[in-house]
Amino acid sequence: KAGVTQTPRYLIKTRGQQVTLSCSPISGHRSVSWYQQTPGQGLQFLFEYFSETQRNKGNFPGRFSGRQFSNSRSEMNVSTLELGDSALYLCASSPPLAGGTDTQYFGPGTRLTVL
Amino acid sequence: GENVEQHPSTLSVQEGDSAVIKCTYSDSASNYFPWYKQELGKGPQLIIDIRSNVGEKKDQRIAVTLNKTAKHFSLHITETQPEDSAVYFCAASRASNDYKLSFGAGTTVTVRA
């Protein structure tokens, strides 16, 4: 079974621009979560989507948004980019909740550099 | 919210020795504790996880122990090999209610040949 895929893998933007990152979950997984990873703050939760609905949100400004499509693919958008948004953005998918599992499987990430 | 602390931040071991990483958590409602391994240029890879109804879990050379009373859990790697060199993260969440994982700061493990 193919793993979580993220596109693009690398991205360079300038301050003030906006960016859209894409995530395709493992086949059959309906929950998609997004995390930001930086050397200073570590891994921080952004938001989680299930059946096209945002179920949980972390403590990030409104410039960070996301959505999920009917095929469970997800996108996240960052508007008005700031230098501090430079990070590795990770997507994780989880299998259906039968049995209470919430194991999250991560993709390789998108490395965003803001100049 | 949940606060997860992880120690040590770096760990150097001789090949064949054991490595132990410890984490503490603050939210008594947390009941799911996964461990991830992250190699350079890759996303975190789940290596083992444990739920609060279990005190210990083992998978070949890797084991995790959980002490709910003290709110701490540990990762044990035995017979370390060079390919075990990576950054290891512990995490905690309220399973089934909250898909938000709160991560520790990570431990860089170096296995010396």
Side-chain angles (χ1 to χ4, degrees), chain A residues 3-7 9-10 21 23 25-26 29-51 53-60 66 68 74 87-111, chain B residues 1-10 21 23-27 29-54 57 59 62 64 73 86-108:
Chain A
V4 176
T5 58
Q6 292 187 245
T7 57
R9 292 292 314 278
Y10 303 91
L21 313 181
C23 171
I26 293 170
H29 290 193
R30 294 170 62 190
S31 168
V32 173
S33 300
W34 289 88
Y35 293 81
Q36 181 195 64
Q37 185 176 25
T38 61
Q41 300 298 317
L43 279 150
Q44 293 187 290
F45 173 80
L46 281 157
F47 27 67
E48 185 256 344
Y49 287 87
F50 180 84
S51 291
T53 300
Q54 185 182 91
R55 293 198 298 188
N56 208 343
K57 188 177 189 302
N59 297 323
F60 279 81
Q68 186 180 36
S74 178
L88 181 67
Y89 289 89
L90 292 158
C91 167
S93 73
S94 297
L97 195 53
T101 181
D102 55 3
T103 306
Q104 295 188 30
Y105 299 91
F106 283 84
T110 293
R111 171 72 62 185
Chain B
E2 174 69 275
N3 181 43
V4 178
E5 294 191 356
Q6 183 172 345
H7 299 280
S9 57
T10 62
I21 304 170
C23 290
T24 60
Y25 61 98
S26 62
D27 185 355
S30 289
N31 54 11
Y32 174 65
F33 307 93
W35 286 87
Y36 288 88
K37 173 184 180 183
Q38 187 173 27
E39 296 174 312
L40 204 60
K42 297 183 178 180
Q45 175 193 2
L46 179 72
I47 55 173
I48 196 168
D49 57 10
I50 191 167
R51 299 184 189 275
S52 58
N53 57 348
V54 175
K57 184 177 179 181
D59 182 4
I62 294 174
V64 58
F73 55 113
V87 181
Y88 291 80
F89 293 95
C90 61
S93 79
R94 299 178 177 190
S96 305
N97 295 319
D98 187 339
Y99 277 61
K100 171 185 175 181
L101 286 173
S102 296
F103 283 87
T107 298
T108 301

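Just so you know, these numbers use all the heavy atoms, side chains as well, and skip hydrogens, waters and symmetry mates. Everything numeric in this text was worked out from a predicted model, so none of it was measured. Just so we're on the same page: letters track the sequence lines, and every chain starts at 1.
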*Measure the spacing between OG1 of A:Thr103 and CG of B:Leu46 and express it to the nearest 0.5 Å.*
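Taking OG1 in A:Thr103 and CG in B:Leu46, the distance rounds to 6.0 Å.
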*Looking at NZ of B:Lys100 and CZ of A:Phe47, how far apart are the two atoms once the value is rounded to the nearest 0.5 Å?*
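Answer for the NZ-CZ pair, B:Lys100 versus A:Phe47, is 13.5 Å.
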_Can a donor-acceptor pair be found, under 3.5 Å and without considering hydrogens, that links the side chain of A:Tyr35 to the backbone of B:Leu101?_
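Indeed, once roles are kept as given, a pair shorter than 3.5 Å links the two residues.
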_Could you tell me if the side chain of A:Phe45 sits less than 4.5 Å from the side chain of B:Glu2, heavy atoms only?_
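The answer is no; the side chains never approach within 4.5 Å.
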*Could you pull out the closest heavy-atom pair between A:Leu90 and B:Gly43, with the gap in Å?*
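Smallest heavy-atom distance, with atoms named: CD2-CA, 4.0 Å.
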_On a heavy-atom basis, which atom in A:Gln104 and which in B:Tyr36 lie closest, and how many Å separate them?_
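Distance-wise, the nearest heavy atoms are O-OH, 2.6 Å.
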Please classify the contact between [X] and chain B as side chain, backbone, both or neither, with a heavy-atom cut-off of under 4.5 Å.
| X | result |
| --- | --- |
| A:Leu46 | neither |
| A:Arg9 | side chain |
| A:Gln37 | side chain |

_Contact class of B:Gln38 relative to chain A, heavy atoms under 4.5 angstrom_ =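 Answer is side chain: those atoms of B:Gln38 sit under 4.5 Å from chain A.
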*Checking heavy atoms, do the side chain of B:Pro34, its backbone, both or neither come under 4.5 Å from chain A?*
neither
*Greatest number of heavy atom pairs closer than 4.5 Å to chain B - which of A:Gly109, A:Gly42, A:Ser31*: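 Among the listed options, the one with the most contacts to chain B is A:Ser31.
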*Taking everything shown except B:Lys42 itself, do over 12 heavy atoms lie less than 6.0 Å from its NZ?*
no
